[in-house]
Number of protein chains: 2
Amino acid sequence: MNKRRCYDQFCGIARALDLVSERWTLLIVRNLMLGPRRYSDLMTELPGITTNLLAARLKTMEGDGLVARTDGPPARYALTALGAALEPVVVELGRWGAKFMDQPRRGDTVNPGWGMLSLKRRYRGGLRAVVEFRLQLNGGERRFELVFENHHLHVKEREAVRPQLVVAGPLEAFQGWLFKGLPPGELHRAGKLTTEGDPVVWEAVQVAFGPNDWKGASARATASP
Amino acid sequence: MNKRRCYDQFCGIARALDLVSERWTLLIVRNLMLGPRRYSDLMTELPGITTNLLAARLKTMEGDGLVARTDGPPARYALTALGAALEPVVVELGRWGAKFMDQPRRGDTVNPGWGMLSLKRRYRGGLRAVVEFRLQLNGGERRFELVFENHHLHVKEREAVRPQLVVAGPLEAFQGWLFKGLPPGELHRAGKLTTEGDPVVWEAVQVAFGPNDWKGASARATASP
DNA sequence: CAGGATCCGCCGCGATACTG
DNA sequence: CAGTATCGCGGCGGATCCTG
């Protein structure tokens, strides 16, 4: 018993897949990238997963050192340093998968948090700031902290600590700006984005996000002759 | 019939996993990254796969546009541009998996080609050259073409076209140099590496490969507080 | 009610045998 | 050489049941 399926190949890629290629594992990592979550949070934010699989995955991921369970109550699951180091893998998967993201298909579930995570691969670098996004959606609000470092963007779902800029508005306004390429000044139908804080940072944030590389060749893609 | 298992989430990561998360798929991509292969080549170079699964994977991957089958004889499978665009995903998986590559475990199969591919993530950039590596191993020789561009290293298993440098030696000598950090001048037990061509390029190649980031924090890793 | 555990049916997977 | 056919098992999905 308890012998897991593995490739038995002396290769980093195969070793990695031994640990993360089971179904749901990388999506759990994705969701935990926004911050620690409770079991029930993951159940609702991972549409389609079943309780037995979530429990099993969290157990093996904890055993492998990818996530740590902080005893509660309530118990929370968080990425360890090892699990967080999967971020480049997840980001590159998202970059590649963006080619197929023209439209939501019927039956697709949508989560604003996933869109926030996709900003990681669009950040062009060169900014240093802490920004908070407040997405208003039917009756609620979700707050994301964006920490821009020189070559990396951190995104967490939580209140930002001492943000230099707060951008607030309905979800549709953020979508229009970030994913449909509308200038923030022309978001009439979707409602407007309001900002509070340093206008210089606001300008820089708009510049810092590259285009959504829908189907286009990715910036780092290999040219294949 | 023919409805594949998918996550039904409007998220690039989930979309990508819908296409490549089945078992063996990314390892087929890995092996094809070295160049086109025949069915029987893949069978021998993917230890553990069974013929029914290889046939099934190649069929769905061809249907998804990841690989193209060139009618033979002999028929060959090659990555399409879409499939080749998975390279960053595979490379980042290998970077993460390198943390677990201290030693081959018993039962592990080893393939020098996988080691050559791992050089992609270790290339520090800044070089422009075409180099050929000739790995001598029990009774045979395998030749790899390394094309160094400013920010990217191409690796194919084939004779290099007009290489400025040829490095030849037993497999163990390459392993000692590239994976055990021995200076090429001190490879006495493993046999020596001989070079032919531009000595300036040879110097630059030795500098161009960063350390094998065994367990260490990767250069681009996210620092997690 | 949060946080799981248990049971069952199905299909993806692995092993082997067989075919053009 | 390049696959197809068949079969058993275990991972997975769906549902229900337990326990603080």
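Computed over heavy atoms, backbone and side chain alike; hydrogens, waters and symmetry mates excluded. To find a chain, count down the sequence lines: A is the first, B the second, and so on, and within it residues start at 1. Being a predicted model, the structure only gives us computed values, none of them experimental.
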Below 4.0 angstrom, N of the basic side chain to O of the carboxylate: do [X] and [Y] qualify?
{"X": "Glu159(B)", "Y": "Arg143(B)", "value": "yes"}
{"X": "Glu157(B)", "Y": "Arg37(B)", "value": "yes"}
{"X": "Arg106(A)", "Y": "Asp108(A)", "value": "no"}
{"X": "Lys59(A)", "Y": "Asp64(A)", "value": "no"}

Atom [atom1] of [X] to atom [atom2] of [N]: distance rounded to whole Å?
{"X": "Arg76(B)", "N": "dC1(D)", "atom1": "CZ", "atom2": "C1'", "result": "13 Å"}
{"X": "Tyr7(A)", "N": "dG14(C)", "atom1": "OH", "atom2": "C1'", "result": "13 Å"}
{"X": "Leu46(B)", "N": "dC13(C)", "atom1": "CG", "atom2": "P", "result": "15 Å"}

Parallel, tilted or perpendicular, as decided by the 30° and 60° cut-offs, for the rings of [Y] and [X]:
{"X": "Trp24(A)", "Y": "Tyr7(B)", "answer": "perpendicular"}
{"X": "Phe148(A)", "Y": "Tyr123(A)", "answer": "perpendicular"}
{"X": "Trp177(A)", "Y": "Phe174(A)", "answer": "tilted"}

Can a donor-acceptor pair be found between the side chains of [X] and [Y] at a distance below 3.5 Å?
{"X": "Arg30(B)", "Y": "Gln9(A)", "answer": "yes"}
{"X": "His152(B)", "Y": "Glu87(B)", "answer": "yes"}
{"X": "Thr70(B)", "Y": "Tyr77(B)", "answer": "no"}

* Does anything in residues 29-43 of chain B reach DNA chain D, meaning a heavy atom under 4.0 Å, and if so which residues? ->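 Residues of residues 29-43 of chain B that come under 4.0 Å of DNA chain D are, in numerical order, Arg38(B), Tyr39(B), Ser40(B).
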
* Give, ordered by number, those residues of residues 49-70 of chain B having at least one heavy-atom distance below 4.0 Å to an atom of DNA chain D; if nothing qualifies, reply none. =>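 Within residues 49-70 of chain B, the residues near DNA chain D are Thr51(B), Asn52(B), Ala55(B), Lys59(B), Arg69(B).
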
* dG4(C), dG13(D), dG14(C): which one has an atom nearest the side-chain heavy atoms of Arg5(B)? ->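 Looking only at heavy atoms from C-beta outward on Arg5(B), the closest nucleotide is dG13(D).
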
* Listed in order of residue number, which residues of residues 8-26 of chain A have a non-hydrogen atom at under 4.0 Å from DNA chain C? ->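 Close to the strand, none.
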
